[in-house]
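Below is one structure, written out as structure tokens, with a few remarks after it.
Residue numbers run from 1 in the order of the sequence given.
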Amino acid sequence: MCHSQPNTNLPDGTKVYDSNYWLTAITLDSSLKVKGQENAYKFLVKDAVGGVPGVIHQASTAVTDCQPNNNVEAMRMALFEAGIESRPLWKPMHKQPVYKDAPAYTSGVSEDIFKIGMCLPTGPCVSDENVKYIVDNIKKNIL
């Protein structure tokens with residue numbers, strides 16, 4: 001079992017806070033080449049559960065008008081094969097179907113970050129050995 005360091009107070013009353021390790025994200029330059037990139041978005045996930053528990057959403061295509069770059073998807077697939085869970089950054093809210101008719105005030109930054117970003121395993125239980133394994137697998141899959 002792992003624990004993060006508890007919050008404490010210094011003798012002078014100053015509070016000391018520890019990270020909650022909530023989010024670890026990276027960006028992959030759009031020009032970066034990743035092994036398997038040519039196969040990104042060629043396979044459609046079927047019967048994926050999303051939204052309300054028990055509701056099945058079936059996509060008709062593996063691509064959308066706003067998705068991560070092929071190199072991000074290829075890296076996600078490579079990490080998955082190595083037993084490392086990762087995911088794209090959050091899709092901009094104005095691009096999600098439930099908000100398609102809602103007003104949106106955008107500059108393009110959220111879409112740009114979504115295209116190049118991905119979330120990596122995070123939390124107080126991610127050991128130094130885990131970090132090394134993750135980094136080694138990222139490096140191994142860059143061409």
Side-chain angles (χ1 to χ4, degrees), residues 1-100 104-143:
M1 179 174 220
C2 58
H3 301 278
S4 62
Q5 181 179 352
N7 293 341
T8 58
N9 291 329
L10 295 177
D12 67 358
T14 303
K15 290 189 180 278
V16 176
Y17 298 95
D18 193 25
S19 174
N20 63 8
Y21 304 97
W22 180 72
L23 181 66
T24 302
I26 62 171
T27 57
L28 301 180
D29 188 280
S30 60
S31 65
L32 184 73
K33 301 298 180 206
V34 174
K35 290 179 186 175
Q37 188 169 330
E38 67 280 359
N39 296 318
Y41 298 112
K42 288 197 176 174
F43 303 101
L44 180 62
V45 176
K46 295 188 179 197
D47 299 329
V49 177
V52 179
V55 175
I56 303 296
H57 298 280
Q58 287 202 325
S60 59
T61 178
V63 297
T64 68
D65 68 329
C66 181
Q67 65 190 27
N69 291 332
N70 288 355
N71 63 353
V72 173
E73 177 60 7
M75 184 63 75
R76 187 196 64 76
M77 292 186 317
L79 293 177
F80 179 78
E81 289 297 319
I84 301 167
E85 184 180 1
S86 63
R87 61 175 299 282
L89 292 179
W90 288 274
K91 188 172 196 172
M93 297 212 25
H94 68 283
K95 291 293 193 174
Q96 297 182 28
V98 70
Y99 298 110
K100 70 179 181 182
Y105 306 95
T106 65
S107 65
V109 172
S110 60
E111 293 96 332
D112 290 346
I113 292 173
F114 179 64
K115 288 178 183 179
I116 63 171
M118 64 186 308
C119 297
L120 298 174
T122 191
C125 296
V126 177
S127 68
D128 290 345
E129 293 81 22
N130 296 144
V131 171
K132 182 178 181 340
Y133 181 71
I134 294 164
V135 170
D136 287 347
N137 274 277
I138 290 171
K139 289 179 178 179
K140 179 172 84 174
N141 286 286
I142 295 173
L143 296 176

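Here CD of Gln67 is found 13.0 Å from CD of Glu111. Values are rounded to the nearest 0.5 Å. Here the CZ atom belonging to Arg76 is positioned 13.0 Å from the CG atom belonging to Leu28, to the nearest 0.5 angstrom. Distance check: Lys100 NZ to His94 NE2 gives 15.0 Å after rounding to the nearest 0.5 Å. Between Ile116 atom CD1 and Thr27 atom OG1 the span is 4.5 Å, to the nearest 0.5 Å. Here CG of Asn71 is found 8.0 Å from CG of Asp29. Values are rounded to the nearest 0.5 Å.
The side-chain contact (heavy atoms from CB on, under 4.5 Å) search around Val109 returns Ser107, Ile113, not counting sequence neighbours.
Smallest separation of non-hydrogen atoms from Gln37 and Lys33: OE1-CA, 3.4 Å.
A donor-acceptor pair is defined here as one N or O able to donate and one able to accept, closer than 3.5 Å; no such pair exists between the side chain of Asn69 and the backbone of Ser30.
Atom CD of Glu85 is surrounded by 12 or fewer heavy atoms from other residues, nucleotides or ligands within 6.0 Å.
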Scan the side chains in residues 132-143 for donor-acceptor partners under 3.5 Å anywhere in the protein, sequence neighbours excluded, and list what turns up.
residue : atom : partner : partner atom : Å
Lys132  : NZ   : Asp136  : OD2          : 2.7
Tyr133  : OH   : Ala82   : O            : 2.7
Asn137  : OD1  : Lys140  : NZ           : 3.4
Asn137  : ND2  : Tyr133  : O            : 2.9
Asn141  : ND2  : Asn137  : O            : 2.7

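Contact check for Lys42 versus Glu73: no side-chain heavy atoms found under the 4.5 Å cut-off. Within the 4.5 Å cutoff, side-chain heavy atoms of Ile26 are placed close to those of Met118. Residues Pro68 and Tyr41 meet the side-chain proximity criterion, which asks for heavy atoms closer than 4.5 Å. Here the side chains of Leu89 and Cys119 are in contact, with some heavy-atom distance below 4.5 Å.
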